[in-house]
Amino acid sequence: MSRPIDGPETGAGHAGHRLASLTLVPKSDAKATMKDFKSDQEVRWCPGCGDYAILAAFQSFLPELQVPKENLVIVSGIGCSSRLPYYVNSYGLHSIHGRAPAIATGLAASRQDLSVWVITGDGDALSIGGNHLIHALRRNVNVKILLFNNRIYGLTKGQYSPTSEQGKVTKSTPYGSLDTPFNPLSLALGAEASFVARTIDSDRKHLTSVLRAAADHRGTAFVEIYQNCPIFNDDAFAPVTEPGARDEHVIRLEHGQPVRLGADREHGLRFGPLGSLEVVPAQTAADGSLLVHDAHAADPSYAFALSRLDRTDFAHTPIGIFRDVERATYDDAMSAQIDAARARQGEGDLEALLAGADTWRVG
Amino acid sequence: MTKQVQQLDRVIIRFAGDSGDGMQLAGDRFTQETASFGNDLSTLPNFPAEIRAPAGTLPGVSSFQLHFADHDILTPGDAPDVLVAMNPAALKANLLDLPRGADIIANTDEFTKRNLVKVGYEANPLEDGSLSGYQLHAIPITSVTVKALEGYDISKKDAERAKNMFSLGMLCWLYNRPADGTLRFLETKFASKPEIMKANVAAFQAGWNYGETTEEFSVQYEIKPATLPPGQYRNITGNTALANGLVTAAQLAGLPMFLGSYPITPASDILHELSKYKRFGIRTFQAEDEISGVGAALGAAFGGALGVTTTSGPGMCLKAETIGLAVAVELPLIVCDIQRAGPSTGMPTKTEQADLLMALYGRNGESPLVVLAPATPGDCFTTALEATRIAVKYRTPVVILSDGYLANGSEPWRIPEVADLPDLRAEFSFAPAPQAGDEAAGRKPFLPFQRDPRTLARPWAIPGTPGLEHRVGGIEKADGSGDISYDPDNHDKMVRLRQAKIDGIAADIPPLEVDDPDGSARVLVLGWGSTFGSIGAAVRRVRLAGGSIAQAHLRHLSPFPANLADVLKQYDKVLVPEINTGQLALVLRGRFLCDVISYNRVRGLPFRAAELSGVIQDVISNV
Ligand code: SF4
């Protein structure tokens with residue numbers, strides 16, 4: 001199912017519009033502020049960690065949801081980022097390594113009145129928990145997954161991660177790492193994700209707009225957040241965060257808008273051979289072959305091609321909403337089956353259940 | 001022709017054939033008829049792990065044993081009185097279990113040269129006199145069935161397939177079983193294929209008539225109904241009883257139920273069963289793996305559901321970390337481990353009791369939880385209720401240790417009156433929401449780890465409750481506030497509190513009952529789990545022979561009943577038979593310094609009563 005292209009979307013929770021992931025969640029009338037979502041716990045990430053910026057953006061965004069804080073649940077796994085639930089004044093479950101998507105699936109599928117967010121990292125989601133991540137995405141459970149990608153293991157003090165570049169020298173790989181990294185967005189798209197986006201810790205405005213769009217998606221929303229770890233992998237994303245370099249390298253995707261890049265937006269994208277995308281000067285291809293971004297395309301091939309654009313050197317790095325399509329959610333379908341069974345057969349009757357089909361009487 | 005009718009008090013029949021011969025179905029139908037006739041019974045299905053092992057080979061043999069009687073019985077029986085052997089492999093695989101004089105009904109059509117060679121028979125045992133110690137009934141079952149079905153518009157293959165119904169009809173005549181149930185069953189099963197349905201009904205009737213009219217069988221047997229306690233009965237397997245128990249428990253507790261499960265033998269039937277009960281509001285989630293199954297169940301429990309996961313040994317290994325998290329965050333969780341032979345893949349369709357130590361201790365750190373074990377198939381129902389009561393009241397994971405024998409075995413089960421079932425809701429309370437002015441009145445803010453002084457349980461504060469927002473996790477928590485704490489003394493205190501909470505449950509469970517009729521026994525035989533029937537049958541034999549023996553059976557393995565230490569002290573010797581290498585014995589020695597005698601056989605099968613009675617006799621004579 002694809003929505004018509006109708007120009008840039010605000011996706012905001014403006015008056016009258018309930019964000020799509022929240023239609024069964026109670027609406028709070030009280031005016032909440034960022035402060036209401038701060039817990040009494042002291043935040044304990046390293047100074048300068050990108051997690052601070054993400055937490056602040058998240059907390060200042062939460063009032064916009066108009067969800068009472070008792071109906072907000074944050075589930076995390078293990079790693080630096082997974083400490084986040086302790087700092088938000090809502091319900092929170094800091095679980096075990098890699099399992100947050102599975103745990104959140106049980107919670108979201110049995111409590112549709114909750115807004116459920118998963119906080120995870122590159123090691124948590126893509127290494128030990130890779131299986132749960134891909135299955136959550138294909139099921140399309142109504143949870144929002146924020147993956148803080150710092151391309152390193154921080155909590156265990158600096159081993160390479162499944163998103164580290166090949167050849168990375170770390171404590172566990174003094175001669176350089178051997179494995180090819182995952183591209184988290186390509187992986188998510190391959191796992192049938194219905195919402196895939198990327199944003200950057202230091203760009204609060206963009207980060208907030210992506211969170212809003214994720215909340216406005218019914219189903220699993222997968223958001224990769226480039227997060228700097230100044231202690232073990234400083235400047236891993238410098239090409240897309242440094243003021244001088246970022247305009248050259250970042251492609252800001254906006255639905256319905258031409259895809260442009262370069263300091264003066266002088267380049268565009270078009271399909272090259274075998275479905276890959278290529279960067280071309282905008283004037284040379286004024287023939288209409290330049291791409292206009294369509295986040296709602298039913299076929300994921302285009303979103304996948306976009307996700308392959310950055311290779312490993314960040315030369316062309318799209319950020320924003322790669323894909324946002326409507327698909328039935330697992331939890332809605334599960335509830336519908338129960339409702340249908342009750343409508344057809346009536347409420348369960350314990351006496352009939354216990355009696356079974358074949359009974360006999362003694363005495 | 002009227003035949004002589006002979007009265008018997010009990011019979012053991014074993015149906016055996018190739019996996020594809022439909023012996024489980026024939027056995028199951030015979031069981032249903034026997035149950036509705038009113039005999040007491042006990043069954044033992046035994047099948048290969050492979051769905052279709054090569055036809056006609058020994059590994060491909062599938063069997064179904066049924067013991068039924070005019071009195072109450074405890075086991076599926078040691079040695080069959082009748083063996084139905086549909087091919088040479090079935091004869092060879094089962095002959096050693098047959099006592100001399102037993103009846104063998106053999107399908108001669110399958111005793112071809114090729115099939116004989118397949119299992120290493122040089123000559124045809126039906127003809128070479130080697131079976132002269134048995135009552136041999138050599139019947140061309142396949143060809144008689146095909147002949148009887150000549151008039152039906154079905155393929156030769158479908159006609160041959162109906163041979164199990166022919167055998168069933170013959171056995172039903174021989175033991176005077178009613179036929180209505182089977183006819184009704186066939187009508188439903190083949191409702192969409194009327195011609196096949198008619199053919200199967202005809203095959204069943206042909207088998208019945210064959211018994212009645214041919215001279216193959218000179219007597220017909222009669223086994224009077226047993227005098228069971230009055231009530232409405234059904235025949236039930238352990239897995240069905242467990243599934244029904246979980247549905248019932250959730251209803252009684254007033255909780256929505258969420259099952260997270262990954263298919264595994266022999267536990268999958270619980271998932272199948274529960275996935276049918278949507279109208280009870282039950283949510284079943286077939287997860288991507290064992291870890292996700294238990295994780296989703298725990299997530300649902302965090303949200304206020306009765307979280308359940310079902311598995312077998314290999315799955316238990318994978319779930320261990322998540323069960324540890326449930327111990328740490330102190331949430332209710334039901335974990336059903338339908339044990340099978342291990343280690344590793346082991347023998348998936350064979351029974352064993354070797355997961356006890358894993359259930360008790362198989363997690364990192366000190367992580368005490370509750371372990372229960374049903375004693376019979378029907379007891380799986382009661383155990384599900386007890387597990388739910390404890391899990392919800394004490395906010396703890398509870399492991400139910402069933403096994404392959406209980407899971408697939410069946411017995412007549414007296415259907416409980418719903419009105420007589422316990423009210424589990426009474427034990428259940430969410431934390432109260434804070435009231436305005438609490439702080440001014442000196443009432444404390446919400447503390448997620450403030451314990452109920454009576455149960456030591458923490459509040460179950462579920463999302464959606466205003467004012468109870470809190471964060472929990474696997475990191476050690478400060479007593480009371482639940483905040484992250486690395487304080488050494490706090491950790492020591494929390495380790496002890498978690499243990500004390502589980503230990504305290506001993507005061508809330510029934511004491512261990514000892515069956516010691518003459519009060520003079522010096523030897524106690526103590527079992528747990530599915531060995532209840534075999535031990536009970538062995539004890540009866542010993543007592544019949546004049547021996548004095550006490551019997552007790554543990555259904556609560558953590559915590560133990562409060563009187564266990566006293567019971568152990570009352571006897572000179574304590575014998576502990578287990579289908580493992582002595583796991584309960586190890587715990588009893590460690591906990592009570594009691595030098596129990598461990599008896600172990602790990603064959604993937606239940607104990608035989610004859611074998612156990614011999615062991616008991618030996619211990620008695622050495623006191
Ligand atoms: S190790 Fe890196 S990711 Fe972890 S808290 Fe420190 S700076 Fe942040």
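Chain A is the first sequence line, chain B the second, and so forth, proteins listed ahead of strands; every chain is numbered from 1. Treat the numbers as computed from the prediction; the structure is a model and nothing was measured.
Distance check: H470(B) NE2 to L93(A) CG gives 8.5 Å after rounding to the nearest 0.5 Å. How far CD of E469(B) is from CG of N71(A): 9.0 Å, rounded to the nearest 0.5 Å. Note: K278(B) NZ to D339(A) CG = 12.0 Å, rounded to the nearest 0.5 Å. In this structure, NE2 on H94(A) lies 7.0 Å from CD1 on I484(B), to the nearest 0.5 angstrom. To the nearest 0.5 Å, atoms CG (L353(A)) and CZ (R279(B)) are separated by 7.0 Å. Taken to the nearest 0.5 Å, the OG1 atom of T359(A) stands 9.0 Å off from the CZ atom of R234(B).
For a residue to count as touching a neighbouring chain, one of its non-hydrogen atoms must lie under 4.5 Å from one of that chain's; by this rule Q232(B) touches chain A with backbone and side chain alike. For chain A, no part of R414(B) is nearby; none of its heavy atoms comes within less than 4.5 Å. Proximity to chain A is absent for every atom of F37(B), based on heavy atoms less than 4.5 angstrom apart. Within the 4.5 angstrom heavy-atom criterion, no atom of R344(A) approaches chain B. Interface residue R83(A): only side-chain heavy atoms are found under 4.5 Å from chain B. There is no contact between D113(A) and chain B, counting heavy-atom distances below 4.5 Å. For A108(A), no part sits under 4.5 Å from any heavy atom of chain B, backbone or side chain. Looking at S335(A), both its backbone and its side chain come within 4.5 Å of chain B, counting heavy atoms on both sides. No part of P225(B) comes within reach of chain A, as not one of its non-hydrogen atoms sits under 4.5 angstrom from that chain. Only the backbone of D349(A) comes within less than 4.5 Å of a heavy atom of chain B; no side-chain atom from C-beta onward does. When heavy atoms are compared at a cutoff of 4.5 Å, F285(B) approaches chain A by way of both its backbone and its side chain. With a threshold of 4.5 angstrom between heavy atoms, S90(A) approaches chain B through N, CA, C or O but not through any side-chain atom. Heavy atoms of Q251(B) lying under 4.5 Å from chain A belong exclusively to its side chain. Of the atoms belonging to P256(B), not a single heavy atom falls under 4.5 Å from chain A. Residue V116(A) does not touch chain B at all, counting heavy-atom pairs closer than 4.5 Å.
Scanning both residues, R111(A) and G464(B), for their nearest heavy atoms gives NH2-CA, 4.0 Å. In this structure, A109(A) and R283(B) approach most closely via the heavy-atom pair O-NH1, 2.8 Å. Shown here for L107(A) and G303(B), the closest heavy-atom pair between the two residues is CD1-CA, 3.5 Å. Shortest non-hydrogen contact noted between Y330(A) and T284(B) is OH-O, 4.1 Å. Taking every heavy atom of both residues into account, P412(B) and W360(A) meet most closely at CB-CZ2, 3.8 Å. Of all heavy-atom pairs spanning G473(B) and Y86(A), the tightest one is CA-OH, 3.9 Å.
Highest contact tally toward chain A, considering only P448(B), S292(B), A35(B), is held by A35(B) [criterion: heavy-atom pairs under 4.5 Å]. Highest contact tally toward chain A, considering only I415(B), N244(B), V472(B), is held by V472(B) [criterion: heavy-atom pairs under 4.5 Å]. Per-residue heavy-atom pair counts under 4.5 Å with chain A were compared for F302(B), Y233(B), W413(B), and the maximum is reached by Y233(B). Ranking S82(A), A102(A), G92(A) against chain B, the residue ahead of the rest is G92(A), based on heavy-atom pairs under 4.5 Å. Among T322(B), I282(B), I236(B), V418(B), the residue with the largest count of heavy-atom pairs under 4.5 Å with chain A is V418(B). No other option in S36(B), G307(B), G324(B), G474(B) has as many heavy-atom pairs under 4.5 Å with chain A as S36(B). Interface remark: of the candidates A341(A), S95(A), A355(A), A355(A) forms the most heavy-atom pairs closer than 4.5 Å to chain B. With chain A as partner, the option from T227(B), L298(B), L228(B), V329(B) having the largest number of non-hydrogen pairs under 4.5 angstrom is L228(B). With respect to chain B, the highest number of heavy-atom pairs below 4.5 Å among T105(A), L114(A), I96(A) belongs to I96(A).
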side-chain contact (heavy atoms from CB on, under 4.5 Å) for I462(B) and Y91(A)? Distances and angles first, verdict last.
CA-CA 8 Å; I462(B) 66 163; Y91(A) 282 87; 6.0 Å; no
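N364(B) CG: 12 or fewer foreign heavy atoms inside a 6.0 Å radius. For E192(A), the CD atom is loosely surrounded, since the number of other residues' heavy atoms within 6.0 Å does not exceed 12. Within a 6.0 Å radius of CZ in F182(A), other residues, nucleotides and ligands contribute 12 heavy atoms or fewer. Heavy-atom contacts from other residues, nucleotides or ligands closer than 6.0 Å to CD of E417(B) number 12 or fewer.
Side-chain atoms of I291(B) and H132(A), non-hydrogen and from C-beta on, do get closer than 4.5 Å to each other.
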